[in-house]
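All chains are named by letter (A, B, ...) in the order of the sequence lines, taking the proteins before the strands, and each is independently numbered beginning at 1.
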2 protein chains.
Amino acid sequence: MDSKTKTRMTYQRQVILEELAKVTSHPTAYDLHKMVNKRLPKISLGTVYRNLELLSESNEIQRLDVSGHQRRFDANAKDHHHIRCIHCSRVDDLPIDTTSVLEDIVFRTSEYTVLGHKIEFYGICPECKVKEQKHQEKDDISKDKNKSKTRR
Amino acid sequence: MDSKTKTRMTYQRQVILEELAKVTSHPTAYDLHKMVNKRLPKISLGTVYRNLELLSESNEIQRLDVSGHQRRFDANAKDHHHIRCIHCSRVDDLPIDTTSVLEDIVFRTSEYTVLGHKIEFYGICPECKVKEQKHQEKDDISKDKNKSKTRR
DNA sequence: TCCTTATTAGTAATGATTACTATTACTAAT
DNA sequence: ATTAGTAATAGTAATCATTACTAATAAGGA
Ligand SMILES: [Mn+2]
Ligand SMILES: [Mn+2]
Ligand SMILES: [Zn+2]
Ligand SMILES: [Zn+2]
């Protein structure tokens with residue numbers, strides 16, 4: 001948690017990373033535990049969760065928080081879109097180059113029958129922006145070795 | 001569950017609907033239970049969940065399955081987009097008219113600092129399409145008083 | 001008013017994720 | 001190589017949101 005904690009490359013972490021990289025199926029933590037378990041029969045589900053969390057925080061992998069469904073993980077850390085089957089919950093990549101994202105574009109790029117899509121924006125609400133500014137001021141008084149935290 | 005079940009308008013259901021309609025805050029089931037509880041001190045959380053489920057199935061309200069967060073409900077059943085604050089998890093409406101949805105459009109329409117967005121398409125994968133067709137064939141043999149289930 | 005049965009309150013169960021804790025094992029300094 | 005410090009682990013308990021169960025209640029049509 002400190003800024004000067006050294007993360008160690010454990011064998012467990014390495015195997016988790018390797019097994020995730022082998023597949024394009026966006027497995028859940030549980031799926032991955034089953035996979036890794038074949039090589040490390042003693043590894044615990046908690047270890048898989050913790051490492052997936054760490055790896056995604058350090059941007060080596062990507063966490064997919066699928067609306068209303070179980071969390072999934074992706075060895076491809078680059079930002080890209082996904083499509084989920086409403087029947088079997090399978091998740092696949094969507095090889096579209098962002099921005100001009102319309103359903104008929106997907107229709108041409110994917111084997112799926114597209115039924116719809118959901119866009120979720122995220123950001124900082126006006127209230128929190130004010131709070132953030134106040135904190136910034138306090139920090140600026142004590143020390144000011146921070147990179148630019150806020151944008152725009 | 002049967003096709004000929006008659007739903008009854010209970011007082012609980014009515015109050016849940018009324019209280020949800022009063023706010024624009026996209027409350028969770030728990031939030032709504034607290035609100036409704038003031039008028040109906042004996043109502044249980046399960047009843048709130050069940051009715052919110054029923055009401056959204058009959059399209060009187062809308063379920064918002066926010067990625068990685070608690071489910072929320074919206075008295076406005078019309079399809080529209082939302083924005084969520086990464087700090088306080090508050091969810092607000094996004095008054096944009098779909099299709100040409102880019103972050104800078106949001107930037108002009110919302111008070112939020114937009115940090116990004118996530119698009120989730122949903123549909124039917126090729127595998128499931130095949131299965132669906134097989135079921136269709138079986139159904140067609142026995143009886144064929146079905147509306148068109150599959151599109152495209 | 002009287003049935004039928006959808007719905008309820010209360011509570012238990014489930015499932016995903018996180019927290020805890022004693023033990024293990026990297027890593028760097030002696 | 002030995003030791004000390006401390007990340008990380010296995011195993012398990014706890015938490016949180018949601019769903020399931022069940023005996024009792026109450027819509028609402030006859
Ligand atoms: Mn992917
Ligand atoms: Mn809304
Ligand atoms: Zn499918
Ligand atoms: Zn906020």
Side-chain angles (χ1 to χ4, degrees), chain A residues 1-20 26-58 60-73 84 89 91, chain B residues 1-20 26-58 60-73 84 89 91:
Chain A
M1 233 161 228
D2 259 299
S3 53
K4 50 169 171 285
T5 50
K6 311 133 197 173
T7 65
R8 297 170 181 170
M9 178 46 71
T10 63
Y11 186 47
Q12 286 91 332
R13 187 166 304 158
Q14 195 179 304
V15 172
I16 288 169
L17 203 46
E18 281 173 18
E19 292 299 314
L20 180 58
H26 309 93
T28 63
Y30 182 81
D31 292 338
L32 209 38
H33 179 247
K34 276 191 296 186
M35 294 157 65
V36 169
N37 209 30
K38 287 171 188 161
R39 291 174 61 185
L40 303 176
K42 302 211 69 182
I43 197 169
S44 80
L45 181 57
T47 298
V48 174
Y49 265 106
R50 187 167 15 77
N51 277 293
L52 288 171
E53 194 58 36
L54 283 171
L55 288 166
S56 61
E57 257 161 32
S58 63
E60 297 179 72
I61 66 169
Q62 183 176 180
R63 242 178 75 158
L64 301 181
D65 278 323
V66 187
S67 299
H69 291 267
Q70 228 171 315
R71 183 180 303 160
R72 287 163 174 274
F73 295 88
R84 168 179 52 82
S89 289
V91 171
Chain B
M1 232 160 229
D2 259 300
S3 55
K4 49 169 172 284
T5 49
K6 309 133 199 169
T7 64
R8 296 169 183 172
M9 180 44 71
T10 64
Y11 188 46
Q12 287 91 331
R13 186 165 303 159
Q14 196 177 303
V15 172
I16 289 169
L17 204 45
E18 282 173 18
E19 291 300 314
L20 180 59
H26 309 92
T28 64
Y30 181 82
D31 292 338
L32 209 39
H33 179 248
K34 277 190 297 185
M35 293 157 65
V36 169
N37 209 30
K38 287 172 188 161
R39 291 174 61 183
L40 304 175
K42 301 212 68 183
I43 197 170
S44 79
L45 181 57
T47 298
V48 174
Y49 265 106
R50 188 169 13 77
N51 277 294
L52 288 171
E53 195 57 38
L54 284 171
L55 289 167
S56 60
E57 258 160 31
S58 64
E60 298 178 71
I61 66 170
Q62 182 178 181
R63 242 178 74 157
L64 302 180
D65 278 322
V66 187
S67 298
H69 291 266
Q70 229 170 311
R71 184 182 301 160
R72 287 162 174 274
F73 294 89
R84 168 180 54 82
S89 289
V91 171

Q: Let me know the distance between CZ of B/Arg50 and C1' of C/dT8, rounded to the nearest Å.
A: 6 Å
Q) Which listed nucleotide (D/dA10, C/dG10, D/dA8) is nearest to the side chain of A/Thr7? A) D/dA8
Q) Between B/Thr28 and D/dA17, is there a side-chain N or O to OP1/OP2 distance below 4.0 Å? A) no
Q. What's the closest nucleotide to the B/Met9 side chain, out of C/dT8, D/dG28, D/dG11?
A. D/dG28
Q | Heavy-atom closest contact (B/Ser89 atom, B/Arg72 atom, distance) | A | O-NH2, 3.1 Å
Q: Starting from C1' on C/dA6, measure out to CD on B/Glu53 and report it in whole angstrom.
A: 17 Å
Q. Hey, does the side chain of A/Thr47 come within less than 4.0 Å of D/dA10's phosphate (OP1/OP2), counting only N and O?
A. yes
Q) Taking NZ, NE, NH1 and NH2 as the nitrogens, is one of them in A/Lys38 or A/Glu19 under 4.0 Å from a carboxylate oxygen of the other? A) no
Q | Length of the CG-P vector between B/Asn37 and C/dT8, whole Å | A | 15 Å
Q: Heavy atoms only: give me the nearest A/Val48-A/Ala29 pair and the separation to one decimal.
A: CG1-O, 3.6 Å
Q: For D/dG5, take OP1 and OP2 only and decide whether either is under 4.0 Å from a side-chain N or O of A/Lys6.
A: no
Q. What's the NE2-C1' distance between B/His33 and C/dG10, to the nearest Å?
A. 11 Å
Q. Closest to the A/Arg8 side chain: D/dT18, D/dT6, D/dT9?
A. D/dT6
Q) Between A/Val66 and B/Ser67, what is the shortest heavy-atom contact and its length? A) C-OG, 4.1 Å
Q: Could you tell me the separation between the NE2 atom of A/His69 and the C1' atom of C/dT17, rounded to a whole number of Å?
A: 17 Å
Q. Just how far, in rounded Å, is C1' of C/dT17 from OH of A/Tyr30?
A. 15 Å
Q. Does B/Tyr49 have a side-chain nitrogen or oxygen under 4.0 Å from the phosphate oxygens OP1 or OP2 of D/dT19?
A. no
Q. Which comes earlier along DNA chain D counting from the 5' end, the contact point of B/Arg72 or that of A/Thr10, where each point is its nearest nucleotide?
A. A/Thr10
**Q.** Complement of C/dT1, any strand, by Watson-Crick or G-U distances under 3.5 angstrom
**A.** D/dA30
(Q) Can you measure B/Leu54 atom CG to C/dT7 atom C1' for me and round it to whole angstrom units? (A) 10 Å
(Q) When you compare the side chain of A/Ile61 with that of A/Leu20, does any pair of heavy atoms fall below 4.5 Å? (A) yes
Q) NA contact type, A/Arg71, heavy-atom cut-off 4.0 Å: base, sugar-phosphate, or nothing? A) sugar-phosphate
Q: Can you tell me the pairing partner of C/dA29 across any strand shown, Watson-Crick or G-U wobble, with both distances under 3.5 angstrom?
A: D/dT2
Q.
Test side chain to side chain contact (heavy atoms under 4.5 Å, CB included) on A/Leu40 and A/Tyr11; report intermediate values, then the result.
A. CA-CA 9 Å; A/Leu40 303 176; A/Tyr11 186 47; 3.5 Å; yes
Q: Identify the heavy atoms of B/Val91 and B/His26 that sit nearest to each other, and give their distance.
A: O-ND1, 3.1 Å
Q: Using the closest heavy atom to pick a nucleotide of DNA chain D for each, name whichever of B/Gln70 or B/Gly46 lands nearer the 5' end.
A: B/Gln70
Q. Which of residues 11-20 of chain A sit near DNA chain D, with a heavy atom under 4.0 Å from it?
A. A/Gln12, A/Arg13
Q: Round to the nearest Å and state the distance from A/Leu45 atom CG to D/dT9 atom P.
A: 13 Å
Q) Are A/Arg63 and A/Glu57 within salt-bridge range, i.e. N to O under 4.0 Å? A) no
Q. Among D/dA10, C/dT17, C/dG10, which nucleotide sits nearest the side chain of B/Ser44?
A. C/dG10
Q. What nucleotide among D/dT9, C/dT8, C/dA16 has an atom nearest to a side-chain atom of A/Asn51?
A. D/dT9
